[in-house]
Amino acid sequence: MKRNLNGMVAIITGASAGIGRALADQLSAAGAKLVLAARREDRLHQLNEQLGGRHLVVATDVSDPEQCQRLIQRAAEHFGRIDTLICNAGYGLPKPVAQMSLQEFQAIFQTNLFGTIDCIRPAVPMMSKQELRDGFRGQIVIISSAAGRRGLPWFGAYSATKAAQLSIAESLRIELQPVKIAVTSVHPIGTDTDFFTTAEKLSGATIPPRSAVERHQSAETVAKAIIRGIRRPIPEIWPMRVVRILVAMGILMPRLTDWVMSKHRRALGNANNSPNVP
Ligand SMILES: NC(=O)c1ccc[n+]([C@@H]2O[C@H](COP(=O)([O-])OP(=O)(O)OC[C@H]3O[C@@H](n4cnc5c(N)ncnc54)[C@H](OP(=O)(O)O)[C@@H]3O)[C@@H](O)[C@H]2O)c1
């Protein structure tokens with residue numbers, strides 16, 4: 001069944017930039033009522049003003065479970081229901097796995113994975129009690145990555161958070177079938193957002209332009225594909241469809257995939273004057 005975007009209540013984490021912001025633009029234009037969440041509150045208010053001021057801004061750091069709980073509660077109190085929860089907030093930290101500190105590992109999991117789960121946990125009981133709207137009580141959309149299906153060199157910790165998000169989505173989708181809450185995972189490839197400059201700033205590493213993480217799609221294109229999957233919920237959204245086939249083939253041919261990935265490892269190593277660092 002097709003879900004009506006007009007009047008739909010949607011929460012977007014990471015709405016202050018990139019894919020989240022593009023989603024906010026497009027969902028707002030379709031008449032959705034939005035809850036805009038991220039840490040940079042000034043950007044959220046600016047965005048809300050640009051979109052006509054009818055949305056709710058909730059400054060949220062998803063790495064804090066209490067702030068996630070508050071976000072879901074404020075959304076439900078303000079709009080009366082939650083139709084779509086989009087867990088999009090996240091970041092990457094380019095570093096070889098063996099060079100990542102325990103704190104860096106824990107921090108990226110805290111935001112990318114636990115920031116997703118800590119929003120889902122309070123949202124599910126609320127959605128479960130709602131009346132059906134266009135055949136669904138709600139939908140949870142988890143922005144994973146193509147890297148959730150195949151780990152990338154120098155992005156091992158990031159890829160692990162994205163694979164964990166995918167596993168959660170797969171389990172949750174079946175668990176929530178009886179209450180008619182759809183669960184969709186999203187698997188973009190390189191997308192032209194602040195993601196790479198933020199990753200470079202956080203790690204001090206240089207990401208070469210032509211690598212596994214090369215920018216391929218605009219945030220607007222990715223958002224458009226996601227919105228198709230919000231209108232008609234499907235299990236997985238791959239904004240660049242050919243990548244889904246390549247990743248599936250790569251799972252059957254891991255040696256060939258390793259060979260392709262080793263080219264990316266060399267490019268990242270050379271860009272950072274450490275071609276053979278373990
Ligand atoms: N760009 C790509 O190539 C690509 C590819 C595949 C998947 N993805 C995924 O797409 C999602 C969005 O990334 P993007 O490309 O749009 O990157 P982006 O432009 O850097 O935006 C990231 C968003 O996440 C928010 N965020 C980060 N940490 C947060 C925290 N602790 N609490 C709340 N919000 C937080 C940021 O807002 P504040 O800084 O204001 O908090 C920002 O709005 C991420 O999950 C990413 O892994 C991106």
Side-chain angles (χ1 to χ4, degrees), residues 11-26 34-48 57-72 85-94 106-119 141-152 155 157-166 168-169 185-203 207 209 211-223 225-226 236-240 243-244 247:
I11 302 176
I12 307 171
T13 69
S16 61
I19 295 170
R21 199 202 148 105
L23 277 168
D25 282 339
Q26 293 180 29
L34 303 179
V35 183
L36 306 169
R39 291 165 303 181
R40 286 170 292 178
E41 194 177 4
D42 52 332
R43 281 192 172 219
L44 297 177
H45 283 297
Q46 253 173 28
L47 174 61
N48 190 22
V57 166
V58 184
T60 308
D61 181 343
V62 298
S63 69
D64 176 352
E66 281 177 18
Q67 293 191 36
C68 294
Q69 165 90 36
R70 194 179 58 109
L71 166 67
I72 303 302
L85 167 63
I86 306 173
C87 299
N88 164 73
Y91 70 95
L93 193 72
Q106 286 171 334
I108 198 168
F109 269 85
Q110 193 58 44
T111 295
N112 294 8
L113 177 64
F114 293 109
T116 296
I117 297 171
D118 289 335
C119 289
V141 179
I142 299 178
I143 313 298
S144 169
S145 167
R149 284 267 187 230
R150 165 72 209 204
L152 302 172
F155 281 86
Y158 172 74
S159 302
T161 66
K162 296 287 141 180
Q165 283 182 308
L166 169 58
I168 292 296
S185 60
V186 183
H187 304 273
I189 52 144
T191 308
D192 192 10
T193 66
D194 295 343
F195 180 88
F196 297 100
T197 41
T198 303
E200 286 182 326
K201 252 188 245 160
L202 288 172
S203 66
I207 303 171
S211 73
V213 288
E214 184 182 5
R215 296 152 180 78
H216 278 294
Q217 285 189 302
S218 70
E220 289 68 31
T221 303
V222 171
I226 296 170
E236 292 184 19
I237 297 168
W238 288 75
M240 192 178 273
V243 172
R244 185 177 204 170
V247 169

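Quick note: residue numbers are just sequence positions, from 1. Just follow the structure's listing: the first ligand is 1, and inside any ligand the first atom is 1.
No N or O atom of Y91 sits closer than 3.5 Å to an N or O atom of ligand 1. An N or O contact shorter than 3.5 Å is missing between A38 and ligand 1 by distance. At a 3.5 angstrom cut-off on N or O pairs, G14 counts as close to ligand 1. Polar contact with ligand 1: absent for G20 (N/O pair, distance under 3.5 Å).
Qualifying side-chain contact (heavy atoms from CB on, under 4.5 Å) partners for A147, counting only residues two or more places apart in sequence or in other chains: S145, L152, Y158, S159. Under the side-chain hydrogen bond (donor to acceptor under 3.5 Å, both in side chains) criterion, N48 pairs with no residue, sequence neighbours left out.
When heavy-atom distances to ligand 1 are checked against a 4.0 Å cut-off, A147 has no atom that comes that close, whether in backbone or side chain. Residue T13 does not touch ligand 1, judged by heavy-atom distances below 4.0 Å. Contacts of K162 with ligand 1, taken as heavy-atom pairs under 4.0 Å, involve the side chain alone.
For the residue pair D194 and R43, the shortest heavy atom distance occurs at OD2-NH1, 4.3 Å. Residue I143 comes nearest to P188 through the heavy atom pair CG2-CG, 4.3 Å, listed as atom of the first residue, atom of the second, then distance.
The main-chain N or O of P239 is found under 3.5 Å from a side-chain atom of Q217 such that the two form a donor-acceptor pair. Looking only at distances, a side-chain donor or acceptor of T191 sits under 3.5 Å from a matching main-chain atom of I189. For the pair D192 (side chain) and S218 (backbone), a donor-acceptor distance under 3.5 Å is absent.
For ligand 1, the atoms lying closer than 4.0 Å to a non-hydrogen atom of G190 are 3 (O). Near D194, with a cut-off below 4.0 Å to any heavy atom, the atoms of ligand 1 are 19 (O), 20 (O). Close contacts between ligand 1 and T111 involve ligand atoms 28 (N), 31 (N) [criterion: under 4.0 Å to a heavy atom]. Residue T60 has at least one heavy-atom neighbour below 4.0 Å for each of these atoms of ligand 1: 32 (N), 33 (C). Taking a cut-off of under 4.0 Å to the non-hydrogen atoms of G18, the atoms of ligand 1 that pass are 16 (O), 19 (O). Close contacts of ligand 1 with D61, meaning ligand atoms under 4.0 Å from a residue heavy atom, involve 30 (C), 31 (N), 32 (N). Close approach of ligand 1 to S144 (heavy-atom distance below 4.0 Å) involves ligand atoms 7 (C), 9 (C). Below 4.0 Å from some heavy atom of S16 lie the following atoms of ligand 1, by number and element: 36 (C), 37 (O), 38 (P), 40 (O), 42 (C), 43 (O).
At a 4.0 Å cut-off, at least one heavy atom of I189 sits close enough to ligand 1 to count as contact.
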Problem - Worked verdict on L85 versus C119 for side-chain contact (heavy atoms from CB on, under 4.5 Å) - result: CA-CA 8 Å; L85 167 63; C119 289; 4.2 Å; yes

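Atom CZ in R21 sits 9.5 Å away from atom CD in E220 (nearest 0.5 Å).
Using a 4.0 Å cut-off between charged side-chain N and carboxylate O, R149 and E236 make a salt bridge.
Using modelled atom types and a 3.5 Å distance limit, the side chains of Q165 and T116 yield a donor-acceptor pair.
Proximity annotation for atom 22 (C) of ligand 1: of G90, A15, A37, S145, G90 comes nearest, heavy atoms only.
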